[in-house]
Structures are given as C-alpha cells and as structure tokens.
Amino acid sequence: MNTSNLISLPRVFDPRGNLTFIQYPNQIPFEIKRVFWTYDVPGGEQRGGHAYKTQNEVIVALSGSFDMVQTMPDGTKQTFSLNRSYNALFLPAMSWRHLDNFSTNAICLHLSDKDYDPTDYLRNFEEFKEYISGPF
C-alpha cells in the first residue's frame, strides 16, 4: 500500500488577495479526470468510509477545515488535518479513508485520476482488508 502525503501548493501573494493553483505534473502526480467537492456537511457527520481499487485522489480544504483519517489494514490510523487552501493531500489507490470534524462552511475539493466508476469502490472495511491481502 502506498502512503498518503501532504503537498504544498504554490502561493502567489498579492495585496488584493492571494492565489494558489494546481497543475499537472508540477503539483500532482496524475492528470485530472474528475473534480467534485463536498460541502454543507452537518456537524458530527462523516464522509467517505471507503477505498478505491485503482483511483488516486488529491484533497484540498478550499474553505474551513476537516480531518482526513486513513485507516491501515491492521487498524492503525493516521489523521491529516486540512485547514489551508495551499495544502493538498495525495491519497493513493487502496487507501481506506473517511473525512470528519468538518468546520462550519468547510469545502473539500477532490481531484481524481479516474472517471466515476461504482465498481472501483470498496465500501466495507473487512472487504478492503481481504482485497489487499489476496491476489488481485
């Protein structure tokens, strides 16, 4: 299993307001095929709770903050707190994840290297563990 890692995005400072951008291949390791965002998450709710078999993803907190929790097959967890729009998190395929601890007005941007495919999802943690331990 590859590991997730934080990516520092470029920041262009300007007295009128700052600018950050994402370009392939300079900031992210894949061409973007799909973009979606999560917002208006009610207090105490979680999003995610799945892994992708083949899809890689980059997540950015465009506004507000939230935590991305990656769970390893042995149950250990790694938490990434995203709260700056110039930081991104790369999540490789076969990363079990969920998002929680959303602040008011948080906006989570997702950039993917694949088109939407419901068969690429592993939505049960036990199924995920079996999938990565067996031949695939």
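Quick note: numbers below take in every heavy atom, side chains included, and nothing from hydrogens, waters or symmetry partners.
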S.K.: Could you state the interatomic distance from CD (Gln46) to NE2 (His98), rounded to the nearest 0.5 Å?
M.R.: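 The distance works out to 4.0 Å.
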S.K.: Can you list everything that forms a salt bridge (charged side-chain N to carboxylate O under 4.0 Å, His left out) with Asp14? Sequence neighbours excluded, please.
M.R.: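 Salt bridge (charged side-chain N to carboxylate O under 4.0 Å, His left out) list for Asp14, sorted by chain: Arg16.
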S.K.: Is there a side-chain contact between Leu9 and Ile22 (heavy atoms, below 4.5 Å)?
M.R.: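 Side chain of Leu9 against side chain of Ile22, heavy atoms only: contact under 4.5 Å found.
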S.K.: Within a radius of less than 6.0 Å around CG of Asn124, do more than 12 heavy atoms belonging to other residues, nucleotides or ligands occur?
M.R.: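 Result for CG/Asn124: enclosed.
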S.K.: Measuring from atom CG of Asn101 to atom CG of Asp67, what distance do you get when rounded to the nearest 0.5 angstrom?
M.R.: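 Spacing of CG (Asn101) from CG (Asp67) equals 4.5 Å.
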S.K.: Are the side chain of Asp113 and the backbone N or O of Asn56 linked by a donor-acceptor pair below 3.5 Å?
M.R.: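 Between the backbone of Asn56 and the side chain of Asp113 there is a qualifying donor-acceptor contact (under 3.5 Å).
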S.K.: Grouping I, L, V, M, F, W and Y whenever their side-chain heavy atoms are under 4.5 Å apart, do Phe80 and Met72 come out in a common cluster?
M.R.: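 Result: no, two separate clusters.
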S.K.: OG/Ser4 to CZ/Arg97 distance, rounded to the nearest 0.5 angstrom?
M.R.: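 Taking OG in Ser4 and CZ in Arg97, the distance rounds to 7.5 Å.
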S.K.: For the residue pair Ser81 and Asn83, confirm or rule out a side-chain donor-acceptor distance under 3.5 Å.
M.R.: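 Absent: no donor and acceptor within the cut-off.
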S.K.: Find out if a path of hydrophobic residues (ILVMFWY) with successive side-chain heavy-atom gaps under 4.5 Å connects Trp37 to Ile32.
M.R.: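 Yes, same cluster.
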S.K.: If you compare all heavy atoms of Phe90 against all heavy atoms of Pro29, which two are closest, and at what distance to 0.1 Å?
M.R.: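 Smallest interatomic distance, heavy atoms only, reads CE1-CG, 3.6 Å.
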S.K.: Under a 4.5 Å side-chain heavy-atom rule over Ile, Leu, Val, Met, Phe, Trp and Tyr, are Leu62 and Ile7 clustered together?
M.R.: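 Yes, because Leu62 and Ile7 connect within a single hydrophobic cluster, where side-chain heavy atoms sit under 4.5 Å apart.
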S.K.: Can you confirm whether Met94 sits close enough to Leu122 that some side-chain heavy atom of one is under 4.5 Å from a side-chain heavy atom of the other?
M.R.: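 Counting from C-beta outward, Met94 and Leu122 do come under 4.5 Å.
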S.K.: Would you say Ser65 and Leu82 make side-chain contact, with heavy atoms under 4.5 Å?
M.R.: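 The answer is no; the side chains never approach within 4.5 Å.
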S.K.: Describe, in one word, how the ring planes of Phe128 and Phe125 are oriented to each other, choosing from parallel (under 30°), tilted (30 to 60°) and perpendicular (over 60°).
M.R.: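 Judged by the thresholds at 30° and 60°, the geometry between Phe128 and Phe125 is tilted.
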S.K.: In the structure I gave you, are the side-chain heavy atoms of Lys129 and Trp96 within less than 4.5 Å of one another anywhere?
M.R.: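 With C-beta onward as the side chain, the pair stays apart.
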S.K.: Which pair of heavy atoms, one from Leu89 and one from Leu6, lies closest together, and at what distance?
M.R.: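 The pair with the smallest heavy-atom distance is CD1-CD2, 3.8 Å.
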S.K.: Taking C-beta and beyond as the side chain, do Val35 and Leu109 meet within less than 4.5 Å on heavy atoms?
M.R.: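 Yes, at least one pair of side-chain atoms sits under 4.5 Å.
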S.K.: Which value, rounded to the nearest 0.5 Å, describes the distance between Ser85 atom OG and Arg11 atom CZ?
M.R.: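 One gets 8.5 Å once the value is rounded to the nearest 0.5 Å.
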S.K.: Quick one: pull up OG1 in Thr20 and CD in Gln27 and give me the separation to the nearest 0.5 Å.
M.R.: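 Thr20 atom OG1 to Gln27 atom CD measures 9.5 Å (nearest 0.5 Å).
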S.K.: Checking Glu31 now: which residues fulfil salt bridge (charged side-chain N to carboxylate O under 4.0 Å, His left out) with it, not counting sequence neighbours?
M.R.: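 Salt bridge (charged side-chain N to carboxylate O under 4.0 Å, His left out) list for Glu31, sorted by chain: empty.
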S.K.: Within the structure provided, determine whether Tyr86 and Asn18 are in side-chain contact (heavy-atom separation under 4.5 Å).
M.R.: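 Side-chain contact under 4.5 Å: no.
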S.K.: To the nearest 0.5 Å, how far apart are OG1 in Thr38 and CD1 in Ile107?
M.R.: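 Rounded to the nearest 0.5 Å, the OG1-CD1 separation comes to 10.5 Å.
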S.K.: Find out whether Glu45 and Phe102 are in side-chain contact, i.e. whether some heavy atom of one side chain is under 4.5 Å from a heavy atom of the other.
M.R.: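 Sidechains of Phe102 and Glu45: no contact.
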S.K.: Is it true that a side-chain atom of Asp120 and a backbone atom of Gln55 form a donor plus acceptor pair closer than 3.5 Å?
M.R.: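 Yes, because the side chain of Asp120 sits within donor-acceptor range (under 3.5 Å) of the backbone of Gln55.
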S.K.: Are any non-hydrogen side-chain atoms of Glu57 and Phe36 less than 4.5 angstrom apart?
M.R.: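 Glu57 reaches Phe36 side chain to side chain.
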S.K.: Starting from the C-alpha separation in whole Å, work towards a yes-or-no answer on side-chain contact (heavy atoms from CB on, under 4.5 Å) for Lys114 and Phe30.
M.R.: CA-CA 10 Å; Lys114 304 273 190 256; Phe30 57 77; over 6 Å; no
S.K.: Decide whether Leu99 and Val41 are clustered together by the hydrophobic rule: side chain heavy atoms of Ile, Leu, Val, Met, Phe, Trp, Tyr closer than 4.5 Å, transitively.
M.R.: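 Yes, because Leu99 and Val41 connect within a single hydrophobic cluster, where side-chain heavy atoms sit under 4.5 Å apart.
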S.K.: Once the angle between the rings of Tyr52 and Tyr121 is folded into 0 to 90°, is it parallel (under 30°), tilted (30 to 60°) or perpendicular (over 60°)?
M.R.: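 Tyr52 vs Tyr121 ring planes: perpendicular.
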S.K.: Step by step, work out the side-chain contact (heavy atoms from CB on, under 4.5 Å) result for Leu91 and Ile59.
M.R.: CA-CA 8 Å; Leu91 289 165; Ile59 296 176; 3.3 Å; yes
S.K.: Apply side-chain contact (heavy atoms from CB on, under 4.5 Å) to the pair Phe66 and Ser103, showing each step before the final yes or no.
M.R.: CA-CA 6 Å; Phe66 51 86; Ser103 69; over 6 Å; no
S.K.: Walk me through it: do Asn87 and Ser8 pass the test side-chain contact (heavy atoms from CB on, under 4.5 Å)?
M.R.: CA-CA 5 Å; Asn87 288 327; Ser8 292; 4.0 Å; yes
